[in-house]
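Everything below concerns the one structure shown next.
The chains referred to below are lettered A, B, ... by the order of the sequence lines, with proteins before strands, and numbering in each begins at 1. This structure is a prediction, so every number in the text was calculated from the model and none was measured.
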Amino acid sequence: MNVETIFFYLLGAVFVGSALMMVTRRNPVIAALYLILNFFCLAGIYLTLHAQFIAVIQILVYAGAIMVLFVFVIMLLNLSDERRLSEAISFKKIVAGGLSVALLLELLYIFVYRKTDLPTLNAERSIEIGTVESIGRHLFTKFLFPFEVTSILLLAAIVGAVVLAKRRLD
Amino acid sequence: MELQTYLLLSAVTFIIGVVGVLARRNAIIVFMSIELMLNSVNLTLVAFSAYLGDVTGQMLVFFVMTVAAAEAAIGLAIIIALFRNKQTVNLDDINILKW
C-alpha cells in the first residue's frame, strides 16, 4: 500500500463523511462549512487522478466563490428562527429513502458485478493531460465555441441574478 | 487504484445528495445537496478522463463548473426573492404552483 493509496482512502472517507454531515445538519451555516470541507477533499481526490488544473479550479470556484455566496445568503436571510423548521419523519421521507437506497443498490450492482474490462490508469498520459498547458490548448482550439458560449451564459446569469434579487422593478 | 473505486465513491456521494434533495425541507440545504450531486458527477468525469487518457472529460468538468456557478447565483437570488415575499425557506410552505 503506497502513500497515494493511503492518501486516497483518507480523503475518500472524509469526503463521504462530510457529505453525510452536510445533509443531516439542522443549522445551514454548519452544513455549508461541511460542504466546503467536502469540496477540499474532492480537490485532493482530483490530485490523485493527476488533474491539477481541475483541482485548483475546484478550490477557487467552488470552495472560494460559490460557498462564499452560500454563506453570504444564509447570513443575509438571518435564518436563526428557521431552526424550528419541521424536519419530522413522514411517509414522504420514507418513500424518498427507499427510492434512494434502490438507486444506490442499482449503481453498486452495475459497478461491482457487471463491470466489463475497465481501463487501467496510464500515469504518464494522465499527468500529461491534466496540466494547465494541455487544458488551455484544448480549450482554445477544439472547445473554443463552447468556451465563448459560456461567457454568454455567465452574462445571462449576472443579469438574471440582479433582476431577481432587486427589491422593485422600475 | 482502480477506476471502480472512484465510481463507487462518486455513486455513494451522489445518493447522499439525492437523499438531501428528497428529504430535507430547507431550501438552502436542498440547494447545497444539488451542488454535491454535481460534484460527484464531476468526479466520475475526471476519473474516466484520467483512465482513458482523454482530455474531453476534464473540459466537460470545466463547463459543468461554469454552469454550477451560474446556477448558484440564480438559485440564491430566487431564494432571496422567495424569502422576501414569504418570510420562510421551508419548501412545504412554498406551494403556489402545486396542484
Side-chain angles (χ1 to χ4, degrees), chain A residues 5 8 12 15-16 19-20 22-23 28 31-32 35 38-39 42 45-46 48-51 54 57 61 65-66 69-70 73-74 76-77 79 82 85-87 93 96-97 100 103-104 107-108 111 115 118-119 121-122 125-126 129-130 134-135 138-139 143 146 150 153-154 157 160-161 164-165, chain B residues 1-9 11-20 22-26 28-29 31-33 35-36 39 42-43 46-47 49-55 58-59 61-63 65-74 76-81 83-84 88-90 92:
Chain A
T5 316
F8 172 78
F15 181 62
V16 174
L20 271 174
M22 191 279 280
V23 169
L35 192 57
N38 183 276
F39 288 165
L42 188 57
I45 293 171
Y46 286 157
T48 67
L49 288 163
H50 311 295
I54 297 293
I57 288 295
V61 174
I66 294 181
L69 204 61
F70 268 98
V73 168
I74 294 167
L76 188 76
L77 296 186
L79 296 174
E82 287 287 324
L85 213 65
S86 67
E87 296 278 5
K93 279 188 190 174
S100 310
L103 184 58
L104 179 65
L107 287 173
L108 292 183
F111 290 154
K115 60 163 183 172
L118 290 171
L121 187 61
N122 183 349
R125 176 78 186 127
S126 65
I129 64 168
S134 148
I135 301 273
H138 285 87
L139 200 59
F143 294 91
T150 295
L153 174 79
L154 285 175
L164 282 170
Chain B
M1 198 66 58
E2 278 184 81
L3 176 57
Q4 209 185 351
T5 327
Y6 289 100
L7 295 182
L8 285 175
L9 197 62
V12 169
T13 38
F14 187 85
I15 297 299
I16 293 171
V18 171
V19 171
L22 292 178
R24 291 304 301 262
R25 298 270 59 87
N26 189 329
I28 290 180
I29 293 188
F31 209 58
M32 289 198 282
S33 303
E35 298 290 335
L36 191 67
N39 268 293
N42 279 353
L43 176 58
V46 173
S49 167
Y51 276 78
L52 294 172
D54 188 346
V55 80
Q58 298 192 14
M59 290 285 106
V61 170
F62 184 81
F63 293 123
M65 279 181 180
T66 325
V67 172
E71 175 237 345
I74 294 291
L76 289 171
I78 291 173
I79 289 176
I80 289 176
F83 189 77
R84 198 171 279 152
T88 181
V89 287
N90 188 347
D92 284 337

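- Of the atoms belonging to Ser33(B), heavy atoms from both backbone and side chain fall under 4.5 Å from chain A.
- Of the two parts of Leu35(A), only the side chain, counted from C-beta on, holds a non-hydrogen atom closer than 4.5 Å to a non-hydrogen atom of chain B.
- Options Thr48(A), Ile57(A), Ile54(A) differ in how many heavy-atom pairs under 4.5 Å they form with chain B, and the most are formed by Ile54(A).
- In this structure, Leu164(A) and Ile80(B) have side chains that are not in contact, with every pair of non-hydrogen atoms separated by 4.5 Å or more.
- The candidate from Leu36(B), Thr66(B), Asn39(B) with the greatest count of non-hydrogen atom pairs under 4.5 Å with chain A is Asn39(B).
- Counting heavy-atom pairs under 4.5 Å between each of Leu22(B), Val55(B), Leu3(B), Val67(B) and chain A puts Val55(B) at the top.
- A distance of 11.0 Å separates CZ of Phe143(A) from CD of Gln58(B), quoted to the nearest 0.5 Å.
- Annotation: side chain of Leu76(A) is not in contact with side chain of Phe83(B) (no heavy-atom distance under 4.5 Å).
- Taking OG1 of Thr5(B) as the reference point, atom CD1 of Ile45(A) lies at 11.0 Å (rounded to 0.5 Å).
- For the pair Leu139(A) and Phe63(B), the minimum side-chain heavy-atom distance is below 4.5 Å.
- Listed here is the closest heavy atom pair of Val46(B) and Ala51(A): CG1-CB, 3.7 Å.
- Between chain A and the residues Gly53(B), Ala73(B), Gly20(B), Ala11(B), the most heavy-atom pairs under 4.5 angstrom are made by Gly53(B).
- Rounded to the nearest 0.5 Å, atoms CD (Glu71(B)) and CG (Leu153(A)) are 11.0 Å apart.
- Atom-to-atom distance recorded for Leu76(B):CG and Phe70(A):CZ is 5.0 Å, nearest 0.5 angstrom.
- Using a 4.5 Å cut-off between heavy atoms, Met59(B) touches chain A through its side chain atoms alone.
- Closest of all the heavy-atom pairs between Met32(B) and Ala31(A) is CE-CB, 3.7 Å.
- Side-chain atoms of Leu77(A) and Ile79(B), non-hydrogen and from C-beta on, do get closer than 4.5 Å to each other.
- Looking at Asp54(B) and Ile129(A), their side chains never come closer than 4.5 Å, going by heavy atoms from C-beta outward.
- In this structure, no portion of Ala65(A) lies under 4.5 Å from any heavy atom of chain B.
- The minimum heavy-atom distance linking Ala157(A) with Ile74(B) is given by the pair O-CD1, 3.4 Å.
- In this structure, the side chains of Tyr46(A) and Leu43(B) come closer than 4.5 Å at one or more pairs of heavy atoms.
- Contact annotation: the side chain of Thr150(A) never approaches that of Phe62(B) to less than 4.5 Å [non-hydrogen atoms, C-beta and beyond].
- In terms of non-hydrogen atom pairs under 4.5 Å with chain B, the most contact-rich of Ile135(A), Leu154(A), Leu108(A) is Ile135(A).
- Between Ser100(A) and Val18(B), the shortest heavy-atom contact is OG-CG1, 3.8 Å.
- With chain A as the partner, the residue from Leu8(B), Val61(B), Ile16(B) showing the most heavy-atom pairs under 4.5 Å is Ile16(B).
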